[in-house]
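Down below is the structure, laid out as structure tokens.
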Amino acid sequence: MTAFAELTSPQVAELLAGPRTPVLLLPVGAVEPHGPHAPLATDLLISAGMCQRAADRLAGDDLCVLVLPALDYGVTDMGAPFPGAISISPDTLCALIKDVCAALKRQGLDRIVVVNNHYEPAHVTALRTATKDAGVAYLDLLRRANVALLTDEFRSGSCHAGQYETSLVLADRPELVDTAVARELPPVLVDMPAAMSAGRKDFVEMGMDDAYCGTPAGATAAEGKSTFDTLTDLLVELIREVGRA
Ligand SMILES: [Zn+2]
């Protein structure tokens with residue numbers, strides 16, 4: 001069993017007294033428009049998918065990897081012009097992460113990794129601050145060494161609900177992607193980091209009239225599976241570091 005909240009309280013006590021070092025993963029997402037073809041929960045599905053894979057891969061290890069109930073909401077002001085966006089404030093996000101981590105740490109469950117796949121700058125800044133303050137690990141996929149391992153589209157910065165993210169959803173929850181619609185979508189090339197630096201505040205201002213950029217038509221489950229493998233490698237590496245600390 002790898003879901004923390006499916007344990008009973010005595011099982012948590014057993015875990016604390018046992019020989020295996022517990023490492024807890026906190027998947028973070030957002031409820032954010034992802035084009036006309038991919039679900040609002042795309043970023044959470046990616047975070048949860050890599051946490052589950054890492055936990056499965058380390059089953060039977062001397063570390064006991066458990067996945068915490070996910071944090072489904074994030075800061076998603078850029079998607080606000082489109083129906084379905086639910087944004088929380090950076091302060092709320094920060095406070096939630098810190099409260100959850102503090103509650104776990106008080107019980108001796110102090111090895112925690114926050115796993116995020118939503119890259120709105122205010123959201124990422126809140127997570128970096130919260131994890132630093134809480135003294136827990138953050139898998140920062142935007143670090144140059146990590147970005148270098150991901151796909152061309154991800155590296156291009158034109159990757160919201162495009163080939164990269166849509167492929168990941170296809171790998172795990174294909175029924176949530178409208179592939180007939182995705183196949184017909186023209187590529188929309190927007191360098192999101194550059195657009196944000198230029199002061200564009202939401203998807204519409206960035207020229208993403210359908211709440212996506214990149215090339216969703218190129219998405220495949222095979223690419224998603226391969227990207228999940230890479231993401232899981234990175235997460236497992238960090239889990240081992242946290243387990244050794
Ligand atoms: Zn996304």
Side-chain angles (χ1 to χ4, degrees), residues 26-51 70-88 90 93 114-127 138-142 146-147 150-174 176-179 181-182 185 187-193 195-196 200-221 223-225 227-228 230-231 234-235:
L26 178 56
V28 178
V31 182
E32 179 187 41
H34 275 75
H37 62 291
L40 299 170
T42 290
D43 299 347
L44 179 68
L45 292 172
I46 300 169
S47 295
M50 54 190 287
C51 287
L71 189 50
D72 305 55
Y73 298 100
V75 182
T76 177
D77 295 327
M78 290 186 175
F82 298 91
I86 305 177
S87 192
I88 60 174
L93 176 63
V114 173
V115 178
N116 169 58
N117 282 273
H118 171 58
Y119 300 113
E120 187 157 328
H123 179 86
V124 172
T125 301
L127 291 179
Y138 174 56
L139 178 62
D140 197 338
L141 293 169
L142 295 183
N146 293 339
V147 172
L150 296 169
T151 68
D152 289 348
E153 187 189 80
F154 189 88
R155 281 199 300 276
S156 77
S158 192
C159 64
H160 176 73
Q163 182 169 331
Y164 174 88
E165 289 192 324
T166 306
S167 293
L168 285 160
V169 180
L170 281 174
D172 263 10
R173 298 291 304 277
L176 297 183
V177 177
D178 190 331
T179 44
V181 168
L185 293 173
V188 173
L189 301 181
V190 173
D191 182 339
M192 292 183 74
M196 289 184 271
R200 312 258 150 76
K201 288 193 175 47
D202 61 39
F203 293 160
V204 175
E205 286 187 14
M206 291 182 203
M208 295 158 59
D209 295 336
D210 277 321
Y212 77 91
C213 64
T215 313
T220 62
E223 177 183 315
K225 197 182 161 298
T227 302
F228 262 130
T230 307
L231 292 171
L234 293 170
L235 179 53

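When reading the values below, keep in mind they use all heavy atoms of this one structure, side chains included, and skip hydrogens, waters and symmetry mates. Each ligand, and each atom within it, is numbered from 1 in the order the structure gives.
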For this session: Confirm or rule out an N/O/S atom of E165, from backbone or side chain, lying less than 2.8 Å from the Zn ion (ligand 1).
Result: yes
For this session: Report the name of the N/O/S atom of D43 located nearest to the Zn ion (ligand 1).
Result: OD1
For this session: Side-chain contact test, heavy atoms from C-beta onward, threshold under 4.5 Å: evaluate it for F203 versus M192 and give yes or no.
Result: yes
Exercise. Does a donor on one side chain and an acceptor on the other come within less than 3.5 Å for T76 and H123?
Worked result: no
Exercise. Does H34 put an N, O or S atom under 2.8 Å from the Zn ion (ligand 1)?
Worked result: yes
Exercise. H34 pairs by side-chain contact (heavy atoms from CB on, under 4.5 Å) with which of V177, L40, D43, L176?
Worked result: D43
Exercise. Does P39 offer a backbone N or O that forms a donor-acceptor pair with the side chain of T42 under 3.5 Å?
Worked result: yes
